[in-house]
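A short write-up of the structure that comes next.
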Amino acid sequence: SDIRYVYHFNLPKSLENYTQEIGRAGRDSQEAICELLGSSQDLTVLENFSYGDTPDNESIREIAAMITDQQNYFDISVYELSHKYDMRPLVVNTLLTYLELENVIASTGPFYTTYKFIPHRSSEKIFADFDQERVTFLRAMFSCSKKGKKWFSLDINEVVTRLATSRERIVAALNYLEEKGDLDLQVSGVRRGYRMIKRLTVTETSELTVKLQENFKIREEQDIKRLELVVSLINQKDCQTRFLLDYFGEKMAENCGHCEFCLSGNLSGNLDESARRGPLEISTTAAAIIKKTLAEDHPALTTKRQQTRFFCGLSSPQAGRSGLYKHRGFGLFANMPFGLVKEWLSS
């Protein structure tokens with residue numbers, strides 16, 4: 001409660017973030033000082049992350065078509081979709097949430113596909129505690145395991161098929177053996193289970209795709225607008241506390257008397273955004289690197305958005321898997337606004 005100073009080394013992402021973060025200071029009602037350090041370059045970095053998270057329209061179309069074509073009950077791996085469609089896992093989760101909100105699918109919960117175990121007793125000693133029917137089941141289950149350097153692993157889907165049994169029985173048996181202290185257990189390969197709520201026609205799928213694309217566009221615009229409000233707070237030629245409280249619906253009759261504007265009557269630390277408006281100037285050397293990079297025909301650099309992410313130094317699943325982070329072109333324009341780079345690449 002006695003935090004006296006809060007320093008922002010970079011710009012916050014939103015006024016909500018900023019308020020929550022400075023709200024940690026002075027909770028004992030004593031004076032506290034909050035300093036915000038920032039530059040237009042910080043703004044470029046934050047904007048680029050927002051732009052970089054927006055998936056390509058084609059990727060949205062493909063993943064929507066794939067999911068709406070599933071059986072009544074199906075499961076997916078967010079990790080696999082992330083790499084296949086070049087979206088960060090968080091973005092894949094957002095898309096799946098949009099589909100749930102549209103009442104197309106409903107979650108049935110996550111589950112694991114691989115169980116690893118280390119036995120603490122021999123198989124025969126473990127089997128000694130069970131009747132013959134359960135011993136037969138356990139023996140068959142263990143025979144499906146593959147031994148690594150330390151752990152045995154079980155592919156649950158494979159065991160279900162080979163033993164013609166249920167996932168629930170296998171998992172229950174493994175959990176019971178762990179509770180008894182017969183083995184240590186680890187799980188991996190999480191997948192999400194879903195139920196199809198509504199079957200869509202080709203036309204409806206197309207309309208859904210357009211709506212999903214629009215949702216991501218709106219999400220991107222809202223992220224940028226939140227950043228613009230942070231700039232408005234910094235550049236406010238009036239009481240900054242009043243501006244902040246007004247944003248949250250609280251009215252102040254008078255100026256606070258303690259913000260930078262109230263104390264000095266001017267804001268020497270205003271953010272100058274003129275350098276971020278372009279046009280983008282590309283040196284001959286940089287242009288040559290871009291041309292050479294694109295001529296290499298990397299699968300992870302197919303679309304203009306993928307290329308822009310790459311040259312702005314923003315990570316993506318496919319670029320990471322392809323080892324492109326060590327490429328000389330990666331982050332070539334890390335200090336440049338995403339929109340200007342994308343516009344230059346498209347020209």
Is any side-chain heavy atom of [Y] closer than 4.5 Å to one of [X]?
{"X": "Leu36", "Y": "Pro12", "result": "yes"}
{"X": "Leu154", "Y": "Cys144", "result": "yes"}
{"X": "Glu35", "Y": "His8", "result": "no"}
{"X": "Phe152", "Y": "Lys116", "result": "no"}
{"X": "Thr165", "Y": "Phe137", "result": "yes"}
{"X": "Phe49", "Y": "Leu314", "result": "yes"}
{"X": "Asp75", "Y": "Thr113", "result": "no"}
{"X": "Glu47", "Y": "Tyr51", "result": "yes"}

Next on the checklist: Quick check: Phe117 with Phe142 (ring centres under 6.0 Å apart)?
Outcome noted: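 Centroid separation for Phe142 and Phe117: below 6.0 Å.
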Checklist entry - Under 30°, 30 to 60°, or over 60°: which ring-plane class applies to Tyr112 and Tyr115, parallel, tilted or perpendicular? => result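 Plane angle over 60°, so perpendicular.
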Checklist entry - Is it true that the side chains of Ser316 and Asp86 contain a donor and an acceptor less than 3.5 Å apart? => result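 Note: Ser316 and Asp86 side chains meet the donor-acceptor criterion.
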Next on the checklist: Please determine whether side-chain hydrogen bond (donor to acceptor under 3.5 Å, both in side chains) holds for the pair Asn17 and Arg226, giving the CA-CA distance in whole Å, both sets of side-chain angles, and the decisive distance to 0.1 Å.
Outcome noted: CA-CA 10 Å; Asn17 283 39; Arg226 281 191 281 268; over 6 Å; no
Next on the checklist: Applying side-chain hydrogen bond (donor to acceptor under 3.5 Å, both in side chains), can you list everything that pairs with Lys251, at least two apart in sequence or on another chain?
Outcome noted: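 With sequence neighbours excluded, Lys251 shows a side-chain hydrogen bond (donor to acceptor under 3.5 Å, both in side chains) to Asp246, given in chain and number order.
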Checklist entry - Checking salt bridge (Lys or Arg N to Asp or Glu O under 4.0 Å) for the pair Arg4/Asp28: CA distance, chi angles, key distance, verdict? => result CA-CA 10 Å; Arg4 298 271 73 84; Asp28 56 3; 3.0 Å; yes
Would you give me the side-chain donor-acceptor pairs under 3.5 Å for residues 331-347, sequence neighbours excluded?
| unit_1 | atom_1 | unit_2 | atom_2 | d |
| --- | --- | --- | --- | --- |
| Asn335 | OD1 | Gln41 | NE2 | 3.4 |
| Ser346 | OG | Lys342 | O | 2.8 |
| Ser347 | OG | Trp344 | O | 2.6 |

Checklist entry - Which heavy-atom pair separates Phe130 from Val135 by the least distance, and what is that distance? => result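 Residues Phe130 and Val135, closest heavy atoms: O-CG2, 3.7 Å.
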Next on the checklist: Can you give me the closest heavy-atom contact between Glu260 and Ser264, atom names plus distance?
Outcome noted: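 Looking at all heavy atoms of both residues, the shortest contact is O-OG, 2.8 Å.
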Checklist entry - Got a donor-acceptor contact below 3.5 angstrom from the Arg195 side chain to the Tyr73 backbone? => result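 No; judged by distance alone, with no hydrogens or angles, the pair does not exist.
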Next on the checklist: One pair to check against ring pair (Phe, Tyr, Trp, His ring centres under 6.0 Å): His327 and Phe310. What are the steps and the verdict?
Outcome noted: CA-CA 10 Å; His327 193 286; Phe310 172 79; 5.7 Å; yes
